[in-house]
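Down below is the structure, laid out as structure tokens.
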Amino acid sequence: MSQIEIIQIIEQIKQEITIDSNGHGKASIRATARLADVQDSSLRRALLSAALQPSALAQSLIQQGFSLAALETWNQGIPDMGVAAVIEYYAFDAGRYCKQQARLVCKAFNRIGVRAWMQDILGWTKPATQPQEQPTTPALPPVEQRLHTLVLAMKTLAELTGGRLNPYMEQQFKDYAGNLLAEHNRKLLTATEERWLGVVNFAESELGKTVPTKGSHYRGHLGTWVRTFYPHLGDRQETRLVNGVQQPIYVYACHEPTVAAGLTKAVKEFFAHPSPGAALRQAGAFASKKEPVLTK
């Protein structure tokens, strides 16, 4: 049998081949029998009587992983992998029932695969997938709104406490408001998206840490930790409000990913260490007699 004759058979059985939305093919028993050059009644009998007395073909299919239950459903159509197994059986394993046409078809399948062959003759293409919507990145409200919210919060706290706010908390609010305005004004003047933060501010606002004002992990030690073990992150100083007083503090370029990653690592190491003060003394961090620079 020539390739031309095989092409003619394919044209005749094309209507008996289907492709689902996932690209999986299925052919009728008649179409599979035509490709293998056997009687469709013989193929049907060999498949559907497998549960009672498995034929040589059914035994071959079962050995390849197809179940008896699956074979019984093939009356509604043989899946593409099953079609390939049936044709391969009649090409090489059926003994005196082997068919030359089945060998030719099997060779054709081996080049691109039976599934790709079915997709090709039916002109199937993979449906375009809808792109997943990217979640929107939350943005902070405008600085004016944040200041207004802060003022309302201070007013509410004052009402709840009868005007007796904790002095330290009140000063923290004032420092935050002053620095927020200063940062906003700096952005307006420079027209950049730079973010220069002290390490304490970074730890609390970006990492959700609470940096205490005393104890083994207090904020002064955190700033010294970064300057001692991560000096490459920068040495820029700015004057900012600390407890109501303008003082120089070290600030870091948190808009740069490498700096932000370095600060994150430094903060995590600091809080994970059981005694950061001892580690700083061992590293000679307190040997300098220079005037200390505060951290914010």
Side-chain angles (χ1 to χ4, degrees), residues 1-137 257-258 261:
M1 174 172 283
S2 66
Q3 290 289 346
I4 296 178
E5 291 175 300
I6 293 179
I7 293 174
Q8 291 174 346
I9 293 175
I10 291 173
E11 286 297 321
Q12 294 169 7
I13 66 172
K14 185 185 295 186
Q15 301 301 321
E16 300 182 45
I17 295 175
T18 59
I19 302 289
D20 65 17
S21 59
N22 294 319
H24 298 168
K26 185 178 286 188
S28 67
I29 288 181
R30 177 179 175 279
T32 306
R34 290 291 305 279
L35 288 171
D37 193 22
V38 296
Q39 295 293 324
D40 59 293
S41 57
S42 299
L43 179 58
R44 190 184 308 275
R45 187 166 52 253
L47 294 175
L48 303 184
S49 62
L52 300 176
Q53 187 175 357
S55 62
L57 170 60
Q59 293 177 24
S60 174
L61 293 172
I62 292 170
Q63 290 173 359
Q64 295 181 58
F66 296 99
S67 65
L68 286 175
L71 297 183
E72 291 176 354
T73 66
W74 286 9
N75 189 43
Q76 286 77 42
I78 303 176
D80 45 23
M81 296 298 101
V83 172
V86 169
I87 293 175
E88 183 177 349
Y89 171 81
Y90 284 110
F92 305 107
D93 301 325
R96 62 190 181 94
Y97 298 108
C98 284
K99 302 292 183 177
Q100 178 64 24
Q101 177 181 307
R103 291 194 183 94
L104 294 175
V105 173
C106 194
K107 288 180 180 179
F109 283 172
N110 288 340
R111 294 189 185 99
I112 63 171
V114 63
R115 181 170 296 169
W117 173 80
M118 288 184 175
Q119 294 172 355
D120 181 64
I121 65 172
L122 294 184
W124 182 88
T125 56
K126 186 176 181 179
T129 57
Q130 293 293 332
Q132 293 184 350
E133 292 185 4
Q134 296 296 325
T136 57
T137 303
T258 54

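Position 1 is the first residue of the sequence, and the numbers go up from there. For clarity, every value in this text was computed on a predicted model and none was experimentally measured.
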Rounded at 0.5 Å granularity, tell me how far [atom1] in [X] sits from [atom2] in [Y].
X	Y	atom1	atom2	answer
K26	Q76	NZ	CD	8.0 Å
R45	D40	CZ	CG	10.0 Å
I87	R103	CD1	CZ	13.5 Å
I9	I13	CD1	CD1	7.5 Å
R34	Q101	CZ	CD	8.0 Å
Q39	I29	CD	CD1	13.5 Å

List for me each residue that meets side chain to side chain contact (heavy atoms under 4.5 Å, CB included) alongside [X], sequence neighbours excluded, and say none if there are none.
X	value
E16	S28, R30, A31
S67	A69, A70
K99	D37, V38, A102

Kindly give the heavy-atom pair with the smallest separation between [X] and [Y], and that separation in Å.
X	Y	result
A91	C106	CB-CB, 4.2 Å
A33	L43	N-CD2, 3.8 Å
I62	L71	CG1-CD1, 4.3 Å

- Message: Test of understanding: with side chain to side chain donor-acceptor pair (under 3.5 Å), list the residues that count as partners of N75, not counting sequence neighbours.
- Response: R44
- Message: Going by side chain to side chain donor-acceptor pair (under 3.5 Å), name the residues that satisfy it together with Q59, two or more places apart in sequence or in a different chain.
- Response: none
- I would like to know whether L57 and Y97 meet side-chain contact (heavy atoms from CB on, under 4.5 Å); could you show each step before the answer? CA-CA 11 Å; L57 170 60; Y97 298 108; over 6 Å; no
- Item | I78 vs L47 side-chain heavy atoms within contact, under 4.5 Å | yes
- Residue pairs fulfilling side-chain hydrogen bond (donor to acceptor under 3.5 Å, both in side chains) with at least one residue in residues 78-93, sequence neighbours excluded: D80-R115
- Message: Main chain of G82, side chain of Q64: is a donor-acceptor contact present, judged purely on distance under 3.5 Å?
- Response: no
- Item | Side-chain donor/acceptor of D20 to backbone N/O of N22, under 3.5 Å | yes
